[in-house]
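So you know, we letter chains A, B, ... as the sequences are listed, proteins then strands, and number each from 1. Note: hydrogens, waters and symmetry copies are ignored here, and every other heavy atom, side chains too, is used.
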Amino acid sequence: MQEIPVTRYPEVLIDRPTHYCPGCQHGIAHRLVAEALTDLGVVERTIAVSSIGCSVFLYNYLNLDTVEAPHGRAPAVATGVKRARPEAIVFTYQGDGDLASIGMAEIIHCANRGERVTVIFVNNTVYGMTGGQMAPTTLLGQKTTTCPGGRCLEREGAPIRMAEIIASLGGTAYCARVAVNTVKNVMRAKKAIRNAFQYQLDGKGFSFVEVLATCPTNWRLSPTAANERVATEMIPYFPLGTFQDCAATEEV
Amino acid sequence: MSERLFLKGNEAIARAAIAAGMRCYFGYPITPQNDIPEFLSTELPKVGGEFVQAESEIAAANMLLGAAACGVRAMTSSSSPGISLMQEAISYMAGSELPGVIVNMNRGGPGLGDIGPSQGDYFQSTRGGGHGDYRTLVLAPGTVQEAYDLTLLAFELAFRYRNPVLLLGDAILGQMKEPVTPRVPQQTTDPEAETWCLTGAVQRPGRVLKSLFLDDGALAEHNTRLAAKYQAMETESRAESFLVDDAQLVVVAYGSIGRIAKSTVRKLRAAGHRVGLVRPITLFPFPTAILRDLALAGKRFLTIEHNLGQMVDDVRLAVRTVTDSAFYGHLPGNLPTPNDFEAPILAALGH
Amino acid sequence: MYMDTIIAGFGGQGVMLIGNLLAYAGMHHGLEVTYIPVYGPEMRGGTANCTVVLADEPIGSPIIHTPQSLIIMNGPSLDKFAPRLVDGGVLVLNTSLVPRERIPSPERVRVVEVPANAIADELGNSRMANMVALGAYVAATAVVPLAVVEASLPSVISNHYHHLLPKNAEALRAGAAHVRGA
């Protein structure tokens, strides 16, 4: 039987088993980043900023120059990197606890300054690495180890929609929310991530892609059920789409 | 004599940083160091450098971390409350072995304290400052010329040791003006950084600058190497000795307080008292050997600080097998003058 | 050679400016100098002041409690600093605003009276009372030549006001002449 490759394995992606749990979608997000950098031909000028959370080990899977940022500070670290090496393609890869909780100030101001960096924001509505605690993106009613009765609007407030906030800031050139729960969505996510890097390459401003992702382990769901939850619970609250696109705005 | 400029301590540091080849500066407003970002906001871009007013000291220090990872000369500056906020990034920089210069124009505390001078941050500066077990080099200028010269040295040491370097002044040093001869450093770039810094992985595996070591034995190995580095820094220790040879009593004081005490020592000398001064210029590494030798020569010691007593611990450690050090603390909130130190010195002399 | 001085007056009387000028003159004359503006809580309470130290060896403290000389531009400053002046110290007093009688134990110090505002008024600009006082101080103490002070004026007066340099020099000379004539 003849093997027909449908996609090529990007060289920058290191061929090794990940430490991620079965059904976790970090692997897909990593690959999409790898493909975008490869397609744009910028792998050798890319500097990654990894953050604190499950994806801290980004550097074990992407063969890139990488610096590890303190919790939440990746956008500030990326600012320093980009200012020191303006010719580099710089991106951060952050989870929702890192970016939307402890790192809220850094992400907002990095976007608002219009730093020429790209932020890949993986939102799985929970603190993964530390054991499934409530995140700022945890959905109402969702049970976590620190809101065992379910997140409650009166006590804990509403889940934060980051893409909408980032899109509203002056320095943001491109901002989208995507999911990787279906083939179609993966293809859209791939395009969005590529766009984000392209905008950085073109010096247009800050670019941001929120990737809705699963955490079967901390959701206490099977990989299949977790994937279904993305469609049934997450997307209705975190709508997919492009929230800012300076090129489109210019056309109007 | 080459041309002397009449500069505030803050401005001398900012000018020296540019002379040292600083490419990036990140800061956040706080008194009494605002002259530094204000000067650099106009002057650094003129020489092609990057100035960023960060959203907080937390962000400023992390921007420093990012620029440091790229192997460029970079700096931030602040004062005590802001330096507290920077400790997270400083710890990560020490753990990731990243070179950077951090200026602290120490002000009164605890908490918001005041905007006047203080030496309350000695422990924080010399014991690492943040979480974990690490050291930063700490340089403590006493004059504006020294502030200039030690800024040049700070960048050099940061790259020599791949470690954060603190420049510790206070509100006196930052605000006073003195003539400065602007020296030209031998080196303004660090080509050797190309062997470890982030440039983009061209024809080589990606480099990772990190402080997380989870593999079996990895952290122990890392810390052992760091410990050896801190040990090697001992050769950098510096102090000014003033009239110590025939002194019965050696006053130990650093920074602005050191020079104020110098005036007291001069006055008491003129009155026939055999008193001298050691002014530590590096606080880490501490000039232990100089003090131990003086202790072995039979001197007695009085440590004078603008705090409750912090450096006195290091003085005591230095002389412990021979003698002890008396202590006089002038508490922050009051501006000390040479008169304030007369009675404590006379008391320590046994008068 | 060693001389320290505290220059004090109301905010707006230009005490920081003449402090800087004296320090620049010292530097241009080849001396070691320090200048420190008063800083912190002392700023409140009616006086602005600065301390200048001039010496021919490295200077210790830039902050002085018992100065060897004073330039006093107003009453509250006299009350605050005169008791701290060393015995035999030089007290340059702006008698346009502060009567000599207000000096506590004047016999222990060397009083240099200068009606700085009145002299400045005669020159046509009362805002140059500070320069008159500094001229008097330099004549009384001879810490630096007056010509060096005059030559240092461009260091402290911004380019925008350089048309006023001759007038400021005139005020310095008038203050000095008042002392020499007295």
Side-chain angles (χ1 to χ4, degrees), chain A residues 11-14 19 34 37 42-53 56-90 92 102-113 115 117 129, chain B residues 22-26 28 44 48-74 76 86-93 95-96 98 100 130-131 193 196-215:
Chain A
E11 244 179 70
V12 64
L13 203 57
I14 298 169
H19 72 296
L37 297 175
V42 295
V43 167
E44 291 191 333
R45 52 191 276 212
T46 297
I47 297 177
V49 182
S50 75
S51 65
I52 307 302
V56 66
F57 293 117
L58 180 77
Y59 46 71
N60 286 343
Y61 310 121
L62 295 179
N63 184 21
L64 296 169
D65 273 11
T66 307
V67 57
E68 186 182 82
H71 198 19
R73 317 300 176 217
V77 173
T79 299
V81 169
K82 188 71 177 189
R83 297 296 182 121
R85 289 210 184 272
E87 73 285 1
I89 295 300
V90 180
T92 76
I102 193 168
M104 188 59 110
E106 285 76 18
I107 186 62
I108 292 285
H109 288 279
C110 183
N112 199 54
R113 281 192 304 269
E115 296 292 339
V117 301
M129 194 183 223
Chain B
M22 177 179 70
R23 307 299 306 151
C24 297
Y25 170 88
F26 311 100
Y28 184 85
L44 188 54
E50 288 285 329
F51 171 91
V52 181
Q53 179 166 325
E55 60 270 28
S56 67
E57 289 92 346
I58 295 174
N62 281 286
M63 290 173 188
L64 176 68
L65 186 159
C70 296
V72 306
R73 294 190 165 199
T76 185
M86 292 183 178
Q87 293 303 334
E88 175 195 57
I90 297 171
S91 172
Y92 277 72
M93 288 177 72
S96 309
L98 298 178
H131 64 282
W196 57 262
C197 74
L198 306 187
T199 59
V202 181
Q203 306 290 312
R204 59 162 173 76
R207 290 172 179 159
V208 180
L209 297 171
K210 60 168 187 163
S211 62
L212 179 65
F213 297 89
L214 290 182
D215 291 345

* What part of V208(B) gets closer than 4.5 Å to chain A, counting heavy atoms only: side chain, backbone, both or neither? -> both
* chain A contact via A69(B) - which portion, at a heavy-atom distance below 4.5 Å -> side chain
* Asked: Can you check whether F57(A) reaches M129(A) side chain to side chain, under 4.5 Å on heavy atoms?
  -> yes
* Asked: Of the listed residues (R204(B), E55(B), E50(B), E88(B)), which shares the most heavy-atom pairs with chain A below a 4.5 Å separation?
  -> E55(B)
* Who pairs with Y25(B) by side chain to side chain donor-acceptor pair (under 3.5 Å), at least two apart in sequence or on another chain? -> S77(B)
* Is there side-chain contact between R85(A) and L198(B), with at least one heavy-atom pair below 4.5 Å? -> no
* side chain to side chain donor-acceptor pair (under 3.5 Å) against E57(B), all qualifying residues, sequence neighbours excluded -> none
* Asked: Would a 4.5 Å heavy-atom cut-off, applied to side chains only, mark T92(A) and V117(A) as touching?
  -> no
* Asked: Using a cut-off of under 4.5 Å for heavy-atom pairs, which of R73(A), H71(A), E87(A), K82(A) has the most such pairs with chain B?
  -> R73(A)
* To do: Of all the heavy-atom pairs spanning V77(A) and P70(A), show the shortest one and how long it is.
  => CG2-CD, 4.2 Å
* Top residue by heavy-atom pair count (under 4.5 Å) with chain B, among A78(A), G80(A), G103(A)? -> G80(A)
* With a 4.5 angstrom heavy-atom cut-off, which part of S91(B) approaches chain A: side chain, backbone, both or neither? -> neither
* Which portion of R45(A) sits near chain B, non-hydrogen atoms under 4.5 angstrom -> backbone
* Those residues that, when tested against Q87(B), pass side chain to side chain donor-acceptor pair (under 3.5 Å) (two or more places apart) -> none
* Using a heavy-atom distance cut-off of less than 4.5 Å, which residues of residues 105-112 of chain A contact chain B? -> A105(A), E106(A), H109(A)
* Please flag which part of L64(B) lies under 4.5 Å from any non-hydrogen atom of chain A: side chain, backbone, both or neither. => neither
* To do: Could you have a look at L214(B), T199(B), L65(B) and say which one has the most heavy-atom pairs with chain A under 4.5 angstrom?
  => T199(B)
* Mind ranking I52(A), V49(A), T66(A), V81(A) by heavy-atom pairs under 4.5 Å with chain B and telling me who comes out on top? => T66(A)
* Asked: Between D65(A) and T46(A), is any pair of side-chain heavy atoms under 4.5 Å apart?
  -> no
* Asked: Side-chain contact, heavy-atom cut-off 4.5 Å: Y92(B) with N62(B)?
  -> no
* **Contact check, side chains of C70(B) and C197(B), non-hydrogen atoms, under 4.5 Å** => no
